[in-house]
Structures are given as structure tokens and as C-alpha cells.
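One structure below.
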Amino acid sequence: MMMTLIVVLVVSGALMLGAIWGVYGHMSGRLEGFLIALAGGALVLSLVSELIEPAIEQSSVFLASAGVAAGAIVFAAADYLIDEKWGPNSGGGLLAAISLDGIPENLALGVALIGAGPMGVAALAGSIFLSNLPEAAGGAKQMADNGDRSNGRIVAIWAMTAAVLSAAAIAGNLLLAKVSPEWLAFIRCFAAGAVVASLATEVFPTAFRKDHHLAGVATALGLVLAFLLGELGG
């Protein structure tokens with residue numbers, strides 16, 4: 001359990017590091033786009049190898065496919081509500097948008113840690129860390145540029161978000177440890193489907209807008225990095 005907490009804190013801590021970087025540091029648009037594409041490429045491989053493929057082995061390809069589809073549909077519906085109904089720049093809508101990507105990722109991390117040591121999910125944890133860092137930096141920078149919140153309040157919002165996402169990962173690890181292998185496989189694929197949808201609608205489009213010349217290269221590098229992390233985890 002102690003190692004699980006360490007992995008969760010390191011991954012969620014990327015949100016805090018990114019927020020501080022975005023508010024108080026400097027990040028060019030091209031660097032932001034490169035890092036986002038890098039993280040997206042890493043997530044693509046790690047989601048397949050650490051979540052979807054193990055789920056197929058535990059259950060069936062049909063159950064895994066249903067979980068991925070359900071996760072993507074739920075993400076798309078929630079993303080629509082944020083953009084069209086609540087307003088992505090409003091207080092509640094902004095916090096919901098930030099959490100929408102992170103909760104499935106951290107839930108997936110917590111589930112993936114069930115029955116495995118932290119090194120066994122090095123690819124997934126490393127990919128989520130890489131994803132959280134530029135996402136938080138870019139989001140915090142945008143909030144600071146809007147000028148309607150103090151720097152301290154912006155960092156506090158991200159700290160609260162990091163706490164929520166840490167709780168999601170721990171809850172996924174503790175509350176789902178005793179569910180049947182079939183349900184565990186479905187939950188893993190549900191989380192994977194939500195993250196895949198976020199990659200298609202948020203991550204890669206943002207990376208392309210920020211740095212369209214190197215976004216493809218960065219995505220490929222992310223895939224290679226995730227593969228190396230997976231080899232490190234055995």
C-alpha cells in the first residue's frame with residue numbers, strides 16, 4: 001500500500017508542478033504542444049498494453065470492447081455538457097473539465113496497481129505523469145492570462161484537483177480489489193475508453209494547434225518512451 005501511495009502522489013504531484021510552472025514560469029506554445037503530443041503518444045501505447053490487453057485476457061474481446069465504447073460515450077457526453085451547457089471557463093465547468101481527463105486516468109492507475117507492484121505499471125504511471133505536467137501547465141497559464149484569479153487561487157484550484165484525482169486512484173485500488181475479474185476488466189476498459197476519447201478531442205488537437213510541425217514526431221517519441229518504460233517494468 002505504501003508503494004501505491006508513492007506512485008499516486010508522484011503522478012498527481014505532476015499537476016502541482018505543472019500548475020506552478022504555468023503560473024510562475026515560462027512555457028512557449030511550441031514547447032507546450034510538443035510535451036502534450038509526447039504525453040499523448042505515451043498514453044496510447046500504455047493504455048493498450050497495461051489496460052485493454054490485460055482486460056481481454058481476463059474476460060473477452062467483446063466485454064473489453066463494450067467497456068472502451070462505454071467510457072468514450074460517457075466522456076463525450078460530459079465533455080459536451082461542459083462546453084455547451086456549463087461553459088468551459090466558468091468556475092464549476094473549468095474544474096469539471098480539468099477533472100474529466102484526470103479521473104479516468106487515475107482510476108485506471110489505481111485499478112492497474114491491483115495485484116501488481118508499482119514497477120509493473122511503470123509505463124502507465126509514467127505516461128500519466130507526462131500527461132498531467134503539460135496539461136496543468138497549459139491550463140494554469142491560461143487561467144493566469146485571463147486575469148480574473150490571483151496566482152495563489154489558481155495554484156489552490158490545482159491543488160484541490162490533485163487531491164481529488166489522488167483520491168480517485170486510491171479508491172480504485174482499494175474499493176475494486178475484490179470485484180470479479182470480468183468487472184475489473186470492464187472497469188479498466190471503461191477508463192481506457194474515456195482517456196482515448198480525451199486524446200482524440202482534447203490532447204492531440206491541442207498539440208497540433210500549438211506545434212503542428214513536430215506534433216507527429218513528439219507522438220512517436222512518446223510511444224517509444226512508453227515502450228521503454230514498459231520494458232523497465234517487465
Once you round to the nearest 0.5 Å, how far does [atom1] of [X] lie from [atom2] of [Y]?
X    : Y    : atom1 : atom2 : value
L228 : L221 : CG    : CG    : 10.5 Å
F190 : F75  : CZ    : CZ    : 11.5 Å
I187 : E182 : CD1   : CD    : 11.5 Å
S198 : L43  : OG    : CG    : 7.5 Å
M16  : T161 : CE    : OG1   : 9.5 Å
S65  : I52  : OG    : CD1   : 8.5 Å

Would you kindly confirm whether [X] and [Y] end up in one hydrophobic cluster when ILVMFWY residues are joined by side chain heavy atoms under 4.5 Å apart?
X    : Y    : answer
L15  : Y24  : yes
V68  : V61  : yes
F227 : L47  : yes
V203 : V196 : yes

For residues [X] and [Y], report the shortest heavy-atom separation together with the two atoms involved.
X    : Y    : value
W21  : A137 : CE3-CB, 4.3 Å
R30  : L214 : NH2-CD1, 4.2 Å
P205 : L199 : CD-O, 3.7 Å
S12  : L165 : OG-C, 4.2 Å
R188 : P54  : NH1-CB, 4.1 Å
A136 : A14  : CB-O, 4.4 Å

Answer whether the closest heavy-atom distance between the side chains of [X] and [Y] falls below 4.5 Å.
X    : Y    : value
V48  : E53  : yes
T219 : L38  : no
F186 : S59  : no
V155 : R153 : no
E202 : D79  : yes
I36  : F204 : no
S60  : L63  : yes
I154 : W158 : yes

query: Regarding T206 and R209, is there a side-chain donor-to-acceptor distance under 3.5 Å anywhere?
result: yes
